[in-house]
Amino acid sequence: MMSIELPDGSVRQYDRPVRPADVAADISPRLAQAALAAEVDGKLVDLSTALPDGPHKLRLLTERDKQSLEILRHTTAHVMAQALRQLYGPKVQYTIGPALTDDFQYGFYYDFDLPQPIGQEDLKKIESQMQQIIQQALPISREELPAAKAREFFGQLGQSYKQEMIDDLAAQEGVQTLSLYRQGDFTDLCRGPHLPDTGRIKAFKLLTIAGAYWRGSEANKMLTRIYGVAYFDKKELAAHLEHIEQARKRDNRVLGKQLELFVVSDAVGPGLPLWLPRGTVLRGQLESWLRGELLRRGYQMVITPHIGRLDLYRTSGHYPYYKDSQFPPILMGRGGDEQTAEGYLLKPMNCPHHIQIYKNSQRSYRDLPLRLAEFGTVYRMEQSGELNGLIRVRGFTQDDAHIFCAPEQLEGEISSCVDLVKLVLSTLGLNDYRVRIGLRDPDSSKYVGDAAHWQQAQDSLRAVVQASGMTYSEETGEAAFYGPKIDFIVKDAIGREWQLGTVQVDYNLPERFGLEYTGADNAAHRPIMVHRAPFGSLERFIGILIEHFAGAFPLWLAPVQVAVLPVSEKFDAYAQQVAQAARAADLRVELDNSSDKIGAKIRRWTLQKVPYLFVVGQREVEGRTVAVRVRSVGEVGAVGLEAALQKLRGEVESRGLQPAIEAAT
RNA sequence: GCCAGCGUAGCUCAACGGUAGAGCACCGCUUUUGUAAAGCGGAUGUUGCGGGUCCGAUUCCCGCCGCUGGCUCCA
């Protein structure tokens with residue numbers, strides 16, 4: 001006797017062994033058709049899984065359930081592997097092929113070790129082979145084998161990666177029995193569940209080919225990864241592809257070019273962006289805004305050079321720790337070997353310089369916290385494959401500061417740093433971010449400093465984040481080599497994550513540089529350093545901002561805030577007056593007195609994403625008005641010149657994210 | 001750095017063994033214009049760089065540089 005409880009609370013009794021498929025068939029023929037998999041007592045299983053004795057809660061999954069999408073994509077990955085074996089022969093080794101459901105671009109991938117390289121044009125061929133497998137509607141069956149048998153089975157198939165996985169599963173998790181999934185001539189080691197047959201795949205597309213190291217380690221062989229996506233509905237697939245297409249239009253590199261914000265010139269060097277006038281205006285606004293916020297919070301601005309002695313970075317540890325990701329040092333004279341050579345290094349960090357400023361005078365507890373801030377440009381030899389427009393570069397400017405404080409001041413300082421980062425993000429409407437506390441990995445040798453200090457630092461960070469009420473994750477191994485940190489992470493247009501703001505605690509550098517202050521007790525004490533950067537890097541931050549706003553920046557940041565467009569040359573004089581008045585109101589204005597028709601002028605400045613267009617002609621001259629066209633709204637009609645300028649001033653000063661003029665007044 | 005793909009005018013792209021072409025942008029002239037592209041005319045390239053095969057290379061091959069998507073890395 002077996003009782004099955006359904007989600008609606010009804011219970012069905014069976015006196016024979018049943019599978020979810022049988023229950024579905026009992027309920028209705030239509031459900032039997034629609035069912036794809038089942039959730040039994042909270043676990044996903046195949047429709048064909050025989051249920052063990054006892055009462056069960058059962059939910060049948062159809063296309064409408066979110067988990068079904070994952071199953072669909074997983075099955076599609078298997079079909080792709082099967083197609084590859086059919087096309088390229090038994091030498092094809094298939095390794096792992098998971099479903100991805102929260103990835104912006106991709107729905108699944110599978111990593112292969114292929115006997116020959118394949119290219120983009122092969123994807124078409126693979127797709128049509130997959131289509132054949134789908135049309136055959138091959139039943140997918142599950143079977144369980146003892147580990148040794150499974151190992152032998154995959155050995156016969158020449159699947160050494162699968163054998164390795166079986167060995168690891170047995171060794172690490174003590175797995176004795178493994179499940180295999182079979183469809184036609186293809187069998188894969190897999191946990192499941194899967195769709196009942198390959199015919200259930202309604203819409204899929206293979207997207208791209210990439211390399212991926214086996215098990216994610218550089219030491220291993222590079223496999224061929226094929227990414228694809230699948231849906232139950234062709235329309236959803238089309239919508240997904242359209243989404244990606246749209247996102248690519250927001251790419252910081254595309255918009256950077258179109259809006260003339262920056263260029264990366266090959267003549268200057270990869271990853272070394274040149275800021276064009278319009279981009280410089282945008283960046284300047286962010287800098288002066290933040291500078292104001294810093295001064296208000298008791299920071300002091302400093303300026304330090306772009307290079308420093310090699311010995312400085314030997315002491316700090318940056319040179320030995322990050323040797324491979326720095327521009328090679330400038331060695332002086334005869335040099336000597338790398339350990340002792342005299343030379344200079346393009347600064348990869350600002351902290352050693354700021355530390356020398358700290359050391360410039362004797363410090364008292366009364367000086368603390370000492371907050372030294374700099375928009376400091378640093379240089380790092382990022383791997384060539386990593387470079388990306390403004391988002392990942394080799395020369396970038398940190399809105400850096402180092403806070404030297406006493407232990408009892410630490411949490412307060414961390415807390416105000418976190419507040420500042422939150423202010424930066426919220427002012428710009430970047431609300432979709434996640435917070436990560438990066439912790440030391442006790443098993444790794446990359447970290448320096450003693451365990452007690454690490455513990456204190458980690459506790460302080462955790463306490464501040466918890467008090468702030470933010471949701472966060474703790475990730476081991478994500479700390480800096482000298483201390484733990486809080487990172488603020490956002491996504492770019494196509495869903496890749498990037499670290500922006502950061503707050504880091506450091507006991508190590510004060511130690512290495514022998515920093516001290518005299519306490520109230522007249523004894524020498526060691527300060528703690530906090531490294532923090534609310535933007536992180538100006539380059540990356542602005543790259544993200546470009547994508548976030550799709551180039552349509554809020555008024556206070558827009559390189560050109562107003563374009564004055566005379567309807568014809570006859571109104572140039574008045575247009576000049578309007579432009580003058582706007583300039584006098586500290587607005588960044590362009591006057592378009594080209595011989596184009598008004599429609600062409602509007603098009604030009606609209607494509608440049610200028611927030612406000614002032615069209616002027618006979619009517620406007622007579623009424624001393626401007627016909628306003630708002631970027632996000634369209635034409636709103638005539639507004640008095642002074643009133644319009646005043647509204648714009650207000651919008652700039654409040655750093656508003658919404659236009660101050662939405663309709664004619 | 002690794003795997004795969006790509007590199008043609010300022011931009012977007014075409015030609016793919018017979019030494020390059022369109023649209024936009026640019027320059028000139030005409031038009032003086034009312035809410036997303038007025039008309040006519042003109043100039044524009046060592047086809048990323050270097051080497052090779054060939055009677056002949058933008059096209060095929062090799063190396064380098066750069067870019068794109070991933071992987072790895074990210075103080």
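Order of the sequence lines sets the chain letters (A, B, ...), proteins ahead of strands, with each chain counted from 1. As the structure is a computational prediction, the values presented were derived from the model and not from experiment.
- Nucleotide U46(B) forms a pair with no other nucleotide shown, judged by Watson-Crick or G-U wobble geometry with both contacts under 3.5 Å.
- Looking at heavy-atom distances under 4.0 Å, S325(A) makes contact with a base.
- Atom CZ in R604(A) sits about 14 Å away from atom C1' in U33(B), given to the nearest Å.
- Closest approach of E662(A) to V636(A), counting heavy atoms only: O-CG1, 3.4 Å.
- As judged by a 4.0 angstrom heavy-atom cut-off over every strand, A212(A) is placed among residues touching the sugar-phosphate backbone only.
- OP1 or OP2 of U68(B) has at least one side-chain nitrogen or oxygen of R253(A) nearer than 4.0 Å.
- If you check every strand for non-hydrogen atoms under 4.0 Å, R629(A) touches a base.
- Atom name C1', nucleotides C16(B) and U59(B): the rounded distance is 4 Å, in whole Å.
- Nucleic acid contact class of I598(A) (heavy atoms, under 4.0 Å, all strands): sugar-phosphate only.
- Ranking C71(B), A38(B), G69(B) by closeness to the Y213(A) side chain, first place goes to C71(B).
- When both distances must be under 3.5 Å, the Watson-Crick or G-U wobble mate of C6(B) is G66(B).
- For the pair R631(A) (side chain) and K609(A) (backbone), a donor-acceptor distance under 3.5 Å is present.
- Residue-level contact check: K221(A) touches neither bases nor backbone, having no heavy atom under 4.0 Å from any strand.
- Protein atom CG of N220(A) is 15 Å distant from nucleotide atom P of C3(B), rounded to whole Å.
- Counting only heavy atoms from C-beta on, M222(A) has its side chain closest to G70(B) among U35(B), G70(B), C67(B).
- Look at C73(B): it lacks any Watson-Crick or wobble partner with both distances under 3.5 angstrom.
- Where R392(A) and Q618(A) each meet RNA chain B at their nearest nucleotide, the meeting point lying more 5' is that of Q618(A).
- Looking at heavy-atom distances under 4.0 Å, Y322(A) makes contact with a base.
- Rounded to a whole angstrom, the distance from the P atom of G48(B) to that of G7(B) is 8 Å.
- Distance check on atom C1': U8(B) versus G1(B) gives 30 Å, rounded to whole Å.
- Each of A4(B), A75(B), G69(B) was ranked by its minimum atom distance to the side chain of P117(A); first place goes to A4(B).
- Heavy-atom minimum distance, E478(A) versus Y447(A): N-OH, 4.1 Å.
- Atom NE2 of H243(A) sits in a sparse spot, with 12 or fewer heavy atoms from other residues, nucleotides or ligands closer than 6.0 Å.
- OP1 and OP2 of U32(B) both lie 4.0 Å or more from every side-chain N or O belonging to S595(A).
- With hydrogens and angles disregarded, a donor-acceptor distance shorter than 3.5 Å links the side chain of Q93(A) to the backbone of S160(A).
- Cation-pi geometry between R225(A) and Y109(A) is satisfied (NZ or CZ under 6.0 Å from the ring centre, within 45° of the ring normal).
- G18(B): Watson-Crick or G-U partner is C55(B), with both key distances under 3.5 Å.
- In terms of phosphate contacts, K597(A) brings no side-chain nitrogen or oxygen within less than 4.0 Å of OP1 or OP2 of G39(B).
- For the pair K249(A) and U12(B), the criterion of a side-chain N or O lying under 4.0 Å from OP1 or OP2 is not met.
- Panel note: side chain D400(A), backbone A533(A); no donor-acceptor pair is recorded below 3.5 Å.
- Taking only side-chain atoms of A627(A), from C-beta outward, the nucleotide of A75(B), C71(B), G34(B) with the closest atom is G34(B).
- Side-chain nitrogen and oxygen atoms of R603(A) include none within less than 4.0 Å of the OP1 or OP2 phosphate oxygen of C24(B).
- Comparing C55(B) with A22(B), their P atoms sit 33 Å apart, to the nearest whole Å.
- In this structure, the ring of F481(A) has its center less than 6.0 angstrom from the ring center of H318(A).
- Using a 4.0 Å cut-off, some side-chain N or O of R496(A) falls inside it from OP1 or OP2 of G70(B).
- For A25(B), there is no paired nucleotide, since no Watson-Crick or G-U wobble pair has both relevant distances below 3.5 Å.
- Nucleic acid contact class of Y227(A) (heavy atoms, under 4.0 Å, all strands): sugar-phosphate only.
- Using a 4.0 Å heavy-atom cutoff across all strands shown, I494(A) reaches sugar-phosphate atoms only and no base atom.
- With both ends at atom C1', the span from G17(B) to C27(B) equals 37 Å, rounded to whole Å.
- Nucleic acid contact class of Q326(A) (heavy atoms, under 4.0 Å, all strands): base.
- Nucleic acid contact class of Y106(A) (heavy atoms, under 4.0 Å, all strands): sugar-phosphate only.
- Comparing G70(B), A75(B), C67(B) against the side chain of P270(A) picks out C67(B) as the nearest.
- Using a 4.0 Å heavy-atom cutoff across all strands shown, E620(A) reaches at least one base atom of the nucleic acid.
- Among the heavy atoms of the strands lying under 4.0 Å from S384(A) is at least one base atom, whether or not backbone atoms are also near.
- Between F488(A) and Y433(A), the ring planes are tilted. Angles from 30° to 60° get that label.
- Of the candidates A75(B), U33(B), A38(B), the closest approach to any side-chain atom of S568(A) belongs to U33(B).
- Aromatic stacking is not marked for F481(A) over A75(B), as the cut-offs of 5.5 Å for the centres and 30° for the planes do not both hold.
- Q120(A) has no side-chain polar atom (N or O) that falls below the 4.0 Å cut-off from OP1 or OP2 of U68(B).
- Distance check on atom P: G70(B) versus U47(B) gives 32 Å, rounded to whole Å.
- When distances run from any side-chain atom of L607(A) to the nucleotides G1(B), A36(B), C71(B), the shortest one goes to A36(B).
- Not one side-chain nitrogen or oxygen of K601(A) sits closer than 4.0 Å to the OP1 or OP2 atom of U35(B).
- The gap from the P atom of A4(B) to that of C61(B) amounts to 15 Å, rounded to the nearest Å.
- Note on K257(A): a side-chain N or O is less than 4.0 Å away from OP1 or OP2 of U12(B).
- With both ends at atom C1', the span from G18(B) to G50(B) equals 24 Å, rounded to whole Å.
- The side chain of V615(A) approaches U35(B) more closely than any other nucleotide in the set G66(B), U35(B), A75(B).
- Heavy-atom distances to RNA chain B give each of H531(A) and T208(A) a nearest nucleotide, and the one nearer the 5′ end belongs to T208(A).
- The shortest heavy-atom contact between F112(A) and T95(A) is N-OG1, 4.4 Å.
- Backbone-only engagement by G599(A) is indicated by non-hydrogen atom pairs under 4.0 Å involving sugar-phosphate atoms exclusively.
- Contact annotation for G216(A): backbone-only contact, meaning every heavy-atom pair under 4.0 Å involves sugar-phosphate atoms and none involves a base.
- Taking a pair to require two hydrogen-bonding distances under 3.5 Å in either a Watson-Crick or a G-U wobble arrangement, G34(B) remains unpaired.
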